[in-house]
Amino acid sequence: MTELPGEFELIARLAALFGTPPDGLGIGDDAATWPASGDTVQVATTDMLIEGIHFRLDWTNPEDLGWKALAVNLSDLAAMGATPGRALVSIAVDAACRGLVLEVARGLQSLAEQTGTRVVGGDTVRSPGPLAINVALVGEADPAHLLRRDAARPGDLVAVTGRLGASSAALALLSERPTPLDPAAAPLLAAHHRPLPRLAAGQLLAAHGVRCAIDISDGLASEALHLARASGVGIEIDVDHLPLAPAAVRLLGERRSRELALTGGEDYELLFTLDRRLVDELASGLVIEGGLTVIGEVTDRVPVGTVRFVEASHPIELAREGYVAF
Ligand code: ADP
Ligand code: MG
């Protein structure tokens, strides 16, 4: 029996099937681009959340779910340095649960209002069981200041915005611990249920000359690998430098929090590479908790298309690389 393709292989085959557009980015980055009128490009992305895979309704209320469904898409626009635009929202729901649709929509609309996003359509269909929500989002960017996955260069530093591991620490606590949760978990739950897409950070990076970024949806390790492969470079990351969420360290310990930061996912921070001369000006411009942290470098010492993790200057192996669909 021939083996079924994994997620990365499947997307590579889809990219070969659909081909590359002549006038912008197609499959392979956080979002696609094509020329718009004037001096800008349109930037488009879509992401879907499925009950039982991406969320459970006993841990997530419908309004938070709506917020998150838009947030994960806005995060992809942030990773391009783009500003949001307009969204289409599709929901598949069991007939008996259709009352949830408006609650989901209310949560989504509250983030839409905060980010200047306008919902202009969608689709509502019946599901045989699980709730599914898909958002398609179009925004805009300056093509000369686009953040791409394939623009890392040897000599660049590697950095992240904010803190890592909070969302997956919340998930670990929800699944392992009896309720009620320790009040110290509040910031972790907030990061998990209402992630804040780094739109302003993405635009700031782009405006200051950063060229390469990806959002951290599936864990730092797998996103770093995407950058290394797309850019054709080697990346070294010092795990001692990871900006771990303090509440995660407090409740789960440093080692576990580090593992969650590397492979847990759903942080929706930005991973990017930059010329070392930009660090100071970017650090002072980023007004988010955790700011910017340099965690490694793009280097010829690491084989092209791979990521080396070091701890106290020694290479370490990760148990797994991050969330993959298959
Ligand atoms: P992200 O995690 O940033 O949302 P993904 O890993 O889901 O990105 O997708 C990687 C790339 O593959 C993106 O450019 C996305 O648009 C594309 N892609 C994923 N699934 C499909 C599909 N079924 N058809 C076409 N393109 C797809
Ligand atoms: Mg992405």
Side-chain angles (χ1 to χ4, degrees), residues 4-21 23-34 41-50 53-55 68-84 87-90 115 132-139 141 146-152 160-162 164 167-168 195-199 201-203 205-206 210-231 262-273 305 307 320-326:
L4 290 170
E7 183 187 359
F8 287 10
E9 171 66 20
L10 204 50
I11 289 177
R13 291 197 203 171
L14 288 169
L17 176 74
F18 290 129
T20 312
D23 53 357
L25 297 173
I27 294 170
D29 217 303
D30 289 298
T33 67
W34 62 88
V41 286
Q42 306 277 20
V43 183
T45 186
T46 185
D47 258 305
M48 178 152 53
L49 302 180
I50 306 281
I53 303 287
H54 301 101
F55 64 90
K68 196 159 180 175
L70 181 60
V72 301
N73 282 277
L74 288 168
S75 179
D76 277 326
L77 287 199
M80 305 299 289
T83 50
L88 298 163
V89 181
S90 300
T115 55
I133 173 162
N134 174 259
V135 174
L137 175 66
V138 181
L146 210 52
L147 302 174
R148 307 167 52 125
R149 292 184 182 183
D150 62 3
V160 290
T161 60
L164 302 177
S167 177
S168 48
L196 291 168
R198 296 305 189 192
L199 287 160
Q203 288 154 33
L205 299 182
V210 171
R211 290 288 161 265
C212 178
I214 185 169
D215 71 317
I216 307 178
S217 50
D218 298 339
L220 179 66
S222 96
E223 310 302 355
L225 191 59
H226 280 309
L227 288 192
R229 286 183 176 168
S231 297
L262 286 166
T263 63
E266 296 205 305
D267 280 316
Y268 300 107
E269 295 293 348
L270 301 179
L271 169 68
F272 57 102
T273 78
V307 181
R320 58 191 194 107
E321 255 155 21
Y323 179 82
V324 282
F326 308 108

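Atoms within each ligand, like the ligands themselves, are counted from 1 in listed order. Hydrogens, waters and symmetry mates are skipped; everything else that's a heavy atom, side chains included, is used.
- Here the heavy atom of the protein found nearest to atom 4 (O) of ligand 1 is Asp76 OD2, 3.2 Å.
- One distance of note links OG1 of Thr46 with CG of Leu137; it measures 9.0 Å at 0.5 Å rounding.
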Next on the checklist: The test is side-chain contact (heavy atoms from CB on, under 4.5 Å); show your working for Leu227 and Phe272 and say whether it passes.
Outcome noted: CA-CA 9 Å; Leu227 288 192; Phe272 57 102; over 6 Å; no
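- Using a 4.0 Å cut-off to heavy atoms of Gly28, the atoms of ligand 1 that qualify are 11 (C), 13 (C), 14 (O).
- At a 4.0 Å heavy-atom cut-off, ligand 1 touches Leu14 through the side chain alone.
- Contact record, Ala78 with Leu147: O-CD1, 3.9 Å, taken as the closest heavy-atom pair.
- Looking at Ser217, its side chain never comes within 3.5 Å of a backbone N or O of Glu266 through a donor-acceptor pair.
- In this structure, atom 12 (O) of ligand 1 has protein heavy atoms in its sub-4.0 angstrom surroundings.
- Panel note: side chain Glu269, backbone Asp215; no donor-acceptor pair is recorded below 3.5 Å.
- Note: an N/O pair closer than 3.5 Å links Asp30 and ligand 1 by distance alone.
- Here the Mg ion (ligand 2) has protein N, O or S atoms under 2.8 Å from it, and they come to 3.
- A donor-acceptor pair is defined here as one N or O able to donate and one able to accept, closer than 3.5 Å; no such pair exists between the side chain of Ser168 and the backbone of Gly264.
- Scanning both residues, Ala141 and Gly81, for their nearest heavy atoms gives CB-O, 4.3 Å.
- For Asp29, every heavy-atom contact with ligand 1 shorter than 4.0 Å involves the backbone, none the side chain.
- Heavy atoms of Arg149 come nearer than 4.0 angstrom to ligand 1 in at least one pair.
- Distance check for atom 16 (O) of ligand 1: every protein heavy atom is found at 4.0 Å or beyond.
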Donor-acceptor pairs under 3.5 Å, side chain of residues 23-33 to any protein atom, not counting sequence neighbours: which ones?
from  : atom 1 : to     : atom 2 : distance (Å)
Asp29 : OD2    : Arg149 : N      : 2.9
Asp30 : OD1    : Arg149 : NH2    : 2.8
Thr33 : OG1    : Leu25  : N      : 2.9

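- Each of the following atoms of ligand 1 lies closer than 4.0 Å to a heavy atom of Ser217: 2 (O).
- Each of the atoms 4 (O) of ligand 1 lies under 4.0 Å from some heavy atom of Asp47.
- When all heavy atoms of Pro84 and Leu77 are compared, the closest pair comes out as CA-CD1, 3.7 Å.
- Ligand-side atoms of ligand 1 in range of Ile11: 9 (O), 10 (C), 12 (O), 19 (C), range being under 4.0 angstrom from any heavy atom.
- Listed by number with element, the atoms of ligand 1 under 4.0 angstrom from any heavy atom of Ile27 are 12 (O), 14 (O), 17 (C), 25 (C), 26 (N).
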Next on the checklist: Apply side-chain contact (heavy atoms from CB on, under 4.5 Å) to residues Phe326 and Leu10 and explain how you reach the verdict.
Outcome noted: CA-CA 9 Å; Phe326 308 108; Leu10 204 50; 3.8 Å; yes
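- Within the 4.0 Å heavy-atom criterion, neither part of Thr45 lies near ligand 1.
- Among Val307, Ile214, Leu270, the one residue that satisfies the side chain to side chain contact (heavy atoms under 4.5 Å, CB included) test with Glu223 is Ile214.
- Smallest separation of non-hydrogen atoms from Ala152 and Cys212: N-SG, 3.5 Å.
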